[in-house]
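Note on naming: letters A, B, ... go to the chains in the order of the sequence lines (proteins, then strands), and numbering restarts at 1 for each one.
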Number of protein chains: 2
Amino acid sequence: MNLNQATDYAFRAVLYLAGKPKGEVVEAHEIARQQVIPTRFLLKIMPSLIKGGIVKSQRGIGGGYYLAKDPRDITLLDVVEAVEGPVTINRCLADDGYCSRQGIPNCQVHNALADIQEKLVEELKSHNFGDLIK
Amino acid sequence: MNLNQATDYAFRAVLYLAGKPKGEVVEAHEIARQQVIPTRFLLKIMPSLIKGGIVKSQRGIGGGYYLAKDPRDITLLDVVEAVEGPVTINRCLADDGYCSRQGIPNCQVHNALADIQEKLVEELKSHNFGDLIK
DNA sequence: CCTAATGTTTACTAAACTGGTGTACTTTTA
DNA sequence: TAAAAGTACACCAGTTTAGTAAACATTAGG
């Protein structure tokens with residue numbers, strides 16, 4: 001029941017970029033140094049945020065990263081999903097429909113978990129980086 | 001961001017016991033067979049539920065497990081905590097106070113996560129096995 | 001009091017995951 | 001064209017996960 005370290009680092013990388021003037025390009029080394037993240041590891045995490053449409057990158061001299069959109073339009077859920085994929089608190093709630101209780105009808109526990117998961121997702125969605133940098 | 005398999009099995013073991021008449025002793029093999037759980041693995045999980053005050057056991061011939069209290073007084077949170085320990089969605093929110101951003105003030109993300117975690121715990125607490133067996 | 005049926009405890013294990021690091025490569029600017 | 005950035009892929013040690021195995025402790029019944 002834990003977000004992993006990569007997601008935690010991603011939160012802080014996005015938070016750091018959100019604190020910069022819009023469109024300012026910040027190199028990985030600066031983000032890593034300021035947020036106390038191993039640079040190489042951050043460099044491996046960033047492409048996930050790019051694929052998730054959260055940040056954009058610029059290569060070459062003077063390159064780095066910048067937010068792809070307004071901090072207010074980036075939620076905690078966006079970052080979590082970009083790094084870890086869809087939020088599922090139980091395997092049976094994953095996309096592939098895996099259920100260890102397959103064939104057993106009336107899986108009440110899993111119905112309850114689905115309800116809880118939905119609320120968790122809504123909570124993650126309710127926090128955006130525009131509010132967090134205040 | 002996942003409950004583990006042991007917790008999932010524990011949910012179903014408790015649910016199965018909750019469906020039995022109060023105080024009826026059910027052996028591990030029956031629970032395992034009915035709920036499609038590897039018997040040996042279930043046998044390893046049950047002591048956690050006992051330590052958590054959720055079930056009680058009786059050894060020897062005719063032995064097995066039975067609920068330690070009314071199903072209405074057992075929540076999903078009780079089972080999760082018995083099997084996995086305290087719920088923490090981020091390492092920095094664990095008891096030991098670990099924070100990868102130690103020394104950095106105003107950790108806004110973690111404040112938001114603490115808020116979300118609290119709501120998740122409340123949700124888990126709001127579902128009890130008395131309701132689930134209906 | 002002996003035996004078989006039950007749960008308990010501890011140790012072990014293969015596979016996957018976590019949190020990185022290393023190396024080579026591509027892109028871009030000066 | 002060289003240096004400074006990000007990208008991609010492979011590798012790795014340690015931990016966790018999901019079990020299994022074996023020896024042990026307790027209890028009911030004969």
Task: A/Q35 side chain vs A/Y9 backbone, donor-acceptor pair below 3.5 Å - done: no
Can you tabulate the close N/O pairs, meaning under 3.5 Å, that link protein atoms to atoms of nucleotides 24-26 of chain C?
unit_1, atom_1, unit_2, atom_2, d
C/dT26, O2, A/R59, NH2, 3.0

- [ ] Hey, which sits more toward the 5' end of DNA chain C by its nearest nucleotide, A/G60 or A/F41?
- [x] A/F41
Open item on the list: If I take atom CG in residue B/N4 and atom P in nucleotide D/dA18, what distance separates them, rounded to the nearest angstrom?
Closed with: 5 Å
TODO: Would you kindly give the CD1-to-C1' distance between B/I61 and C/dC2, to the nearest whole Å?
DONE: 11 Å
Open item on the list: Is it the case that over 12 heavy atoms from other parts of the model lie below 6.0 angstrom from the CD atom of B/E118?
Closed with: no
- [ ] For A/I50, answer base if it contacts any base atom (sugar-phosphate contacts may also be present), sugar-phosphate if it contacts only those atoms, and nothing otherwise; contact means non-hydrogen atoms under 4.0 Å.
- [x] sugar-phosphate
Task: Nearest-Å distance for atom pair CD/P, residues B/E27 and C/dA5 - done: 11 Å
- [ ] Could you tell me whether B/E24 atom CD has more than 12 heavy atoms of other residues or ligands within 6.0 Å of it?
- [x] yes
TODO: May I ask you to list the residues sharing a hydrophobic cluster with A/I61, side-chain cutoff 4.5 Å, ordered by chain and number?
DONE: none
Open item on the list: Please report the distance, rounded to the nearest Å, between CG in A/D8 and C1' in C/dT18.
Closed with: 14 Å
TODO: With DNA chain D as reference, determine whether A/K44 or A/G63 sits nearer its 5' end, using the nearest nucleotide of each.
DONE: A/G63
Task: Nucleotide C/dT6, atom P - distance to CD1 of B/I31 in whole Å - done: 13 Å
- [ ] Rounded to the nearest angstrom, tell me the gap between atom CD1 in A/I45 and atom P in D/dG6.
- [x] 14 Å
Task: Neighbour count above 12 (heavy atom, 6.0 Å) for B/K69 NZ - done: yes
- [ ] Check whether any side-chain N or O of B/S57 sits under 4.0 Å from OP1 or OP2 of C/dT8, and answer yes or no.
- [x] yes
- [ ] May I ask you to evaluate whether B/Y9 reaches the phosphate of D/dA18, defined as a side-chain N or O under 4.0 Å from OP1 or OP2?
- [x] no
TODO: Measure from NE2 on B/H29 to P on C/dA5 and round the result to the nearest Å.
DONE: 13 Å
Task: Exam field: side chain B/Q117 to backbone B/I89, donor-acceptor pair closer than 3.5 Å - done: yes
- [ ] By nearest nucleotide on DNA chain C, pick out whichever of B/Y65 and A/A6 is the more 5' one.
- [x] B/Y65
- [ ] Could you tell me the separation between the CG atom of A/N2 and the P atom of C/dG19, rounded to a whole number of Å?
- [x] 9 Å
Open item on the list: With a sphere of 6.0 Å drawn around NZ of A/K20, does it hold more than 12 non-hydrogen atoms of other residues, nucleotides or ligands?
Closed with: yes
